[in-house]
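The sequence lines fix the lettering, A, B, ..., with proteins before strands; numbering per chain opens at 1. The figures that follow rest on heavy atoms only: side chains count, while hydrogens, waters and symmetry mates do not.
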2 protein chains.
Amino acid sequence: MRKQDITIYDVAREAKVSMATVSRVVNGNTNVRKDTKDRVMEVIKRLHYQPNAVAQGLASKRTTTVGLIVPDLTNLYFAELSKGIDDIALLYKYNIIITSIENQLMKEDQAIQGLLNKQVDGVIYMADNLPNEAAEAFKRTDTPVVLAGTKDRHKEFPSVSIDYQKADTEAFNLFYNDGRKNLALVLDNPDTFVNAENRIPAYKNFLKKNNLGPEHIYTNIKDHSDGYNLFSQLQDDHIDGVLVTRDVAAVGILNSAIDAGKNIPKDMEIVTASATQIASVVRPAITAVRQPLYDIGAVAMRMLTKLMSNEEVANMQIELPYELLKKQSTSNE
Amino acid sequence: MRKQDITIYDVAREAKVSMATVSRVVNGNTNVRKDTKDRVMEVIKRLHYQPNAVAQGLASKRTTTVGLIVPDLTNLYFAELSKGIDDIALLYKYNIIITSIENQLMKEDQAIQGLLNKQVDGVIYMADNLPNEAAEAFKRTDTPVVLAGTKDRHKEFPSVSIDYQKADTEAFNLFYNDGRKNLALVLDNPDTFVNAENRIPAYKNFLKKNNLGPEHIYTNIKDHSDGYNLFSQLQDDHIDGVLVTRDVAAVGILNSAIDAGKNIPKDMEIVTASATQIASVVRPAITAVRQPLYDIGAVAMRMLTKLMSNEEVANMQIELPYELLKKQSTSNE
DNA sequence: CTGAAAGCGCTAACAC
DNA sequence: GTGTTAGCGCTTTCAG
């Protein structure tokens with residue numbers, strides 16, 4: 001194994017110091033005289049010495065690695081969150097171990113345990129739901145956790161997200177002000193905390209408050225074809241304004257409407273509750289609650305760095321501002 | 001640190017065996033009598049023992065971790081490749097450390113070195129280019145590498161991809177058969193091996209062979225707005241058939257054309273050389289060279305598992321079949 | 001089939 | 001400032 005060729009010991013011998021001293025200069029410890037430091041540095045350079053991070057991790061109990069738990073890499077929602085996380089991680093010199101849990105082979109708590117076994121210094125959890133077993137797994141450890149782009153029911157864990165209830169209400173208001181009275185809510189997974197406790201209540205409250213009805217909640221609409229197939233149902237139910245959690249599903253509805261010769265937004269207004277690149281690239285572009293996904297990821301990672309170094313974190317439940325970005329899928333007057 | 005509570009030593013003491021024996025049952029070594037094995041297992045379960053992967057890594061020199069080098073997580077091209085990699089990695093119980101190199105802060109060779117320091121057992125490289133320093137970094141080590149969705153100039157490294165030159169030629173042929181004579185090639189980075197040595201030659205050869213001209217190669221067209229802004233130029237140059245490397249850029253061209261009141265495909269045919277979800281979700285849908293991205297990732301990862309366990313790999317330069325998927329952005333007759 | 005013991009490469013007291 | 005010396009938690013010969 002060439003890759004393991006030279007160790008801290010080789011450097012020490014070559015520079016005629018102890019390995020402790022080499023360790024000190026490698027770790028930027030100031031208690032080293034300038035000329036010995038220079039000498040060691042020279043040897044390090046000459047021998048192309050690179051510290052073995054695994055050995056460092058075992059000895060120091062810090063791996064400078066954080067774990068990421070993400071449902072689906074090909075969902076741009078998570079990809080954009082991840083990008084914010086990644087940039088801040090780079091800044092603070094953390095590596096990222098990514099664990100995707102979309103396939104049922106890997107359950108949330110297994111994913112967590114796997115990461116913990118790797119001795120990650122912290123983890124960022126992005127799945128839209130936090131099952132009890134997963135929460136328990138986190139609570140068994142001292143490894144800090146931050147939820148990004150989601151929240152947990154009991155506010156047990158630090159999180160970075162937006163005010164989903166408020167955002168959705170704003171979207172319904174937009175429909176209402178455009179004269180739409182037969183509103184629908186299209187969800188991916190109805191059982192997540194965010195959907196069950198934020199989006200559905202926002203919808204029900206809005207209907208009640210404005211004397212609208214009946215309720216139309218469609219569930220398990222996750223991808224383009226789900227949305228595409230749902231459209232005829234929406235038509236049968238005379239929906240004229242629909243809020244869709246996933247933008248790719250919203251695009252499915254949109255395309256189905258177009259293919260059926262309907263006019264969007266005239267026949268039906270569409271808003272998505274989480275916009276990625278896709279929402280803005282289709283025509284008509286889809287009005288969206290623009291969540292600051294990159295920032296959510298970045299803030300979550302920054303919070304995690306603080307937690308990992310035992311710094312004070314004033315606010316453990318951060319809500320970032322969002323924006324209701326009006327595009328062509330709602331009337332523009 | 002609760003997370004470090006119980007070690008192999010605790011299990012050994014509790015089960016009244018040596019740690020060597022515990023290690024054997026943890027690692028599925030057969031040389032353990034059934035009843036001692038059962039006893040150890042029982043203790044492991046009762047104590048919730050979880051092996052420390054870092055210590056395992058240091059002692060065994062295998063971390064069951066592979067590194068992924070990827071330019072941009074939010075580019076669906078890489079996300080879809082990653083998904084294939086991830087699924088196979090899960091199957092073979094490898095974790096994934098992901099390193100994104102899009103920001104100039106992290107250069108290719110630094111990314112590689114960082115991964116090597118973490119003692120990854122192998123790496124998959126997905127960047128569209130392999131600079132010399134990066135190739136050197138790989139060659140200094142015994143850690144196996146596989147290129148996924150790209151190739152290197154000198155075929156020094158195992159790779160999984162498609163025949164780009166053949167695919168592009170097919171696309172140009174499609175234009176030609178539709179009567180289009182003023183063809184253009186729209187590239188992201190013109191200096192990558194794939195672009196410089198496969199796509200550009202394919203284009204030039206096609207023009208020459210069919211007595212077409214002049215050449216129209218547009219470069220550095222990477223995202224939607226690049227494509228959007230390019231359209232007027234394409235018009236000025238009377239382009240009637242354009243092959244675009246990135247599908248999101250192709251969508252930009254498409255949207256710009258629509259906004260300008262043009263008809264696609266009548267006024268201009270558009271084909272993208274690498275299709276993600278985005279190409280099929282816009283209207284008109286974009287005709288595309290459908291690369292089997294998931295499969296490329298999966299095959300690359302599978303190849304890497306073989307390399308990591310020193311198995312024979314018959315073919316180090318794999319080219320998977322692609323498909324020219326005709327949609328609405330080319331005439332359908 | 002099982003145990004003893006020597007590391008893996010590095011960090012972190014603790015001395016001097 | 002610098003060296004000595006224990007480990008970190010596990011794997012892996014080598015005996016028996």
Between D/dC10 (C1') and B/Asp10 (CG): distance, integer Å: 13 Å
Hey, does the side chain of B/Thr7 come within less than 4.0 Å of D/dG9's phosphate (OP1/OP2), counting only N and O? no
Please confirm whether the backbone N or O of B/Leu147 pairs with a side-chain atom of B/Thr150, one donor and one acceptor, at under 3.5 Å? no
Could you state the CG-C1' distance from B/Asp121 to C/dC8, rounded to the nearest angstrom? 15 Å
Does D/dT2 have OP1 or OP2 sitting under 4.0 Å from an N or O in the side chain of A/Arg33? yes
Return the nearest nucleotide to the side chain of B/Ala59; candidates are C/dT11, D/dG3, D/dG9. D/dG9
Taking only side-chain nitrogens and oxygens of A/Tyr9, does any of them come within less than 4.0 Å of OP1 or OP2 of C/dG7? no
Compare the minimum distances between each of D/dG1, C/dC10, C/dG7 and the side chain of A/Gln56, then state the nucleotide with the smallest one. C/dC10
Would one find a side-chain N or O of B/Asn27 under 4.0 angstrom from OP1 or OP2 of D/dT11? yes
Using the closest heavy atom to pick a nucleotide of DNA chain C for each, name whichever of B/Ala55 or B/Asp35 lands nearer the 5' end. B/Asp35
Could you tell me how far apart B/Arg24 (CZ) and D/dT13 (C1') are, to the nearest whole angstrom? 10 Å
Separation between OG1 (A/Thr141) and CD (B/Gln50), nearest 0.5 Å, reads 11.5 Å
If you compare every side-chain N and O of A/Thr36 against the phosphate oxygens of D/dT2 (OP1, OP2), does one of them come in below 4.0 Å? yes
May I ask you to decide if A/Gly297's main-chain N or O and A/Lys83's side chain share a donor-acceptor pair within less than 3.5 Å? no
Start at the 5' end of DNA chain C and walk down; is the nucleotide closest to B/Ser60 or to A/Ser23 reached first? B/Ser60
Looking at the side chain of A/Asn52, which of C/dT2, C/dC10, D/dC10 is the nearest nucleotide? C/dC10
Per atom distances to the A/Leu58 side chain, the nearest of D/dT11, C/dA13, D/dC8 is D/dC8
Contacts of type side chain to side chain contact (heavy atoms under 4.5 Å, CB included), residue A/Tyr9, not counting sequence neighbours: A/Thr7, A/Arg13, A/Met19
For B/Ile8 and C/dT2, what is the distance between atoms CD1 and C1' respectively, to the nearest whole Å? 14 Å
Under 4.0 Å between a Lys/Arg side-chain N and an Asp/Glu carboxylate O for B/Arg39 and B/Asp35? no
Once you round it to whole Å, what is the distance between C1' of D/dC8 and CE of A/Met19? 13 Å
Specify the separation, in whole Å, of atom NZ of B/Lys61 and atom P of D/dT12. 11 Å
Mind checking if B/Val17 touches a base, just sugar-phosphate, or nothing, with heavy atoms under 4.0 Å? sugar-phosphate
Expressed in angstrom and rounded to an integer, what is the separation of A/Gln119 atom CD from D/dC8 atom P? 13 Å
Take atom CZ of B/Arg62 and atom P of D/dC10, then tell me their distance rounded to the nearest Å. 17 Å
